[in-house]
Amino acid sequence: MKVLVIGKGGREHALCWKLKQSKRATTIYCAPGNAGTAIDVLNVPIEAEDLRGLVQFAKREDVGLTLVGPEAPLVKGLVDAFQREGLKIFGPKREAAEIEGSKVFAKELMRQAGIPTAEYRVFHSSPDAENYVLSREVALLVRSRGRSTLRHTLHCRTAGETLEAVDRIMDPREMMSPGVQVEIEERGRKRVFSAREEARDFVLGRPLGLVIKADGLAGGKGVYVCDNLRQALEAIDQIMFRRVFGQAGDRVLIEERLDGREVSVLAITDGRTIIPLETCQDHKRAFDHDEGPNTGGMGAFSPSNTIEPAMMEQIEREVLVPTIHALKRARRPFRGVLYAGIMLTNQGPKVLEFNARFGDPETQVLVMRLKSDLLDLLEAAADERLSTAEVEWDPRPAVTVVMAAAGYPGAYERDRSILNIEAAERIEGVKVFHAGTRLRGDSTRPREARIVTDGGRVLNVTALGDTLEQAQAKAYEAARTISFEGAWYRRDIGNPPRDQPRPPPP
Ligand code: AMP
Ligand code: GLY
């Protein structure tokens, strides 16, 4: 069978590599692919969102099964387009992919189905969203000092009321004498401000736990976890006023901020049967010890040491099963990979987000551990006979370390030559998946062409080991072997969170 994989990242290279091991796969195409897929399989120069081009190619080449990596083509209706032409494809149709494409849709579905998630409100305009943020309780006392016309203490319940009180006391039109000051008391502690802006600044810096999210797809960047009012107002401004994500910011969600450990749970489903994949976890923040900005993921490991089997069962029961059923009831049956980002809170697991696809870089560690034939599994899901499928896993842990380009996650450099990938792969148990790479030179001879960087996350250096420590050690040894100008990576991929001791080796 000819197989087509759509996308060009590390996830797609990993899927191509695994599909190539299937006895039933004759040719594997990747559209548009990267240098790694050019070397391991065959690249096709069609972009992932060129729906018509992909359909035409699949028909012309008689592709037996297509697999979609990224979310954008799913949300655009690629699966619908393939199915209209009678082409077999793995992934959810447009209406089911809304669970990732619209956070508002996902939240409403969860609310209706009683699936645990953070409390939230939806807003259609920035003034409404700002007013809501300003209506949050801050409980401050505001007094005037000096010769103000306001003599009494103002008990301000909300941030908005406090800002108003500051403005009234320090209103330049009302200030009779220049010596007026404002005193703000917070839980017994008093501060005195002589300038209005300083007082406002103090109020805006009050801690608050809110998360502001753009409704639509924003390439993983549409979520702002805010520590204070200023950040929350800034997030609303970015999304709704400056419209940095375009239409994706037509609506915003404001959510209560959850605390706990984060886990990713992925499951393959045909809309009826659900097969959860092995546990895994990614590291989203850019720098060691989970510091710095959020990224698409700087590494991953599997199995996750934070999910006990009982917790996994609870997540299946309380999240995966009711979600698949709710989508079915809504006449949006979901077929493909459902990926739940979950926070393990004191009140149990709560959903942070859903994705309608394989995770990146979670897939890179999962395929290393998958022993079963991936093509059989995907085809069974596409044919709605997943109940007959069996999945076998390698018990050994896997780790993937993302090697990034200088500047990532900000603006980064491209076109740096990458050296020693083959040497790294000679380390037993190591596979280097390409993410942001491309070939320079004669593309008809991929093995001889030069490999250069072409993205922020460049390589996913992946290793299996007998223990997590061994997998880590191998992945890092391989990463040290590879070089390109400006290369950097986190040094703590696979380490447990700092508040959690490392479990003893089995
Ligand atoms: P999302 O794209 O919704 O997964 O959000 C990206 C990241 O933001 C998540 O991986 C979490 O780290 C964080 N996040 C999202 N929602 C919340 C929330 N309600 N509370 C705390 N953190 C959150
Ligand atoms: N690793 C996060 C994601 O795939 O969305």
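One-based numbering, in listed order, for ligands and for the atoms of each. For this chain, numbers begin at 1 and follow the sequence in order.
- Side-chain contact check for Thr37 and Asn43: at least one donor-acceptor pair (N or O, by modelled atom type) lies under 3.5 Å.
- By the criterion of a heavy-atom distance under 4.0 Å, both the backbone and the side chain of Leu352 are placed next to ligand 1.
- Within the structure, the side chain to side chain donor-acceptor pair (under 3.5 Å) test picks out the following pairs touching residues 263-279 (sequence neighbours left out): Ser264-Tyr339, Ser264-Glu362, Arg272-Glu384, Glu278-Arg369.
- Close N/O approach between Val225 and ligand 1 is not found [any backbone or side-chain N/O within under 3.5 Å].
- Near Glu353, with a cut-off below 4.0 Å to any heavy atom, the atoms of ligand 1 are 1 (P), 2 (O), 3 (O), 4 (O).
- Figure legend: Arg414 and Tyr412 shown without cation-pi pairing, the cationic atom not lying both under 6.0 angstrom from the six-membered ring centre and within 45 degrees of its axis.
- In this structure, Lys350 falls outside the shell of residues with a heavy atom less than 4.0 angstrom from ligand 1.
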For this session: I would like to know whether Asp40 and His13 meet side chain to side chain donor-acceptor pair (under 3.5 Å); could you show each step before the answer?
Result: CA-CA 8 Å; Asp40 281 344; His13 186 196; 2.8 Å; yes

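- Aromatic ring orientation, Phe433 versus Trp17: perpendicular (interplanar angle above 60°, classes split at 30° and 60°).
- Protein heavy atom at the shortest distance from atom 20 (N) of ligand 1 is Leu258 N, 2.8 Å.
- If you number the atoms of ligand 1 from 1 as listed, the ones under 4.0 Å from a heavy atom of Lys284 come out as 10 (O).
- Counting heavy atoms under 4.0 Å from ligand 1, residue Val223 touches it through the side chain alone.
- For atom 9 (C) of ligand 1, the choice among Met343, Lys213, Glu262, Glu255 with the nearest heavy atom turns out to be Glu262.
- Listed as neighbours of ligand 2 are Asp282, Gly296, Tyr339, Asn355, Arg357, Gly359, Asp360, Pro361, Glu362, each bearing a heavy atom under 4.0 Å from the ligand.
- Contact annotation: for Lys103 versus ligand 1, heavy atoms closer than 4.0 Å belong to the side chain alone.
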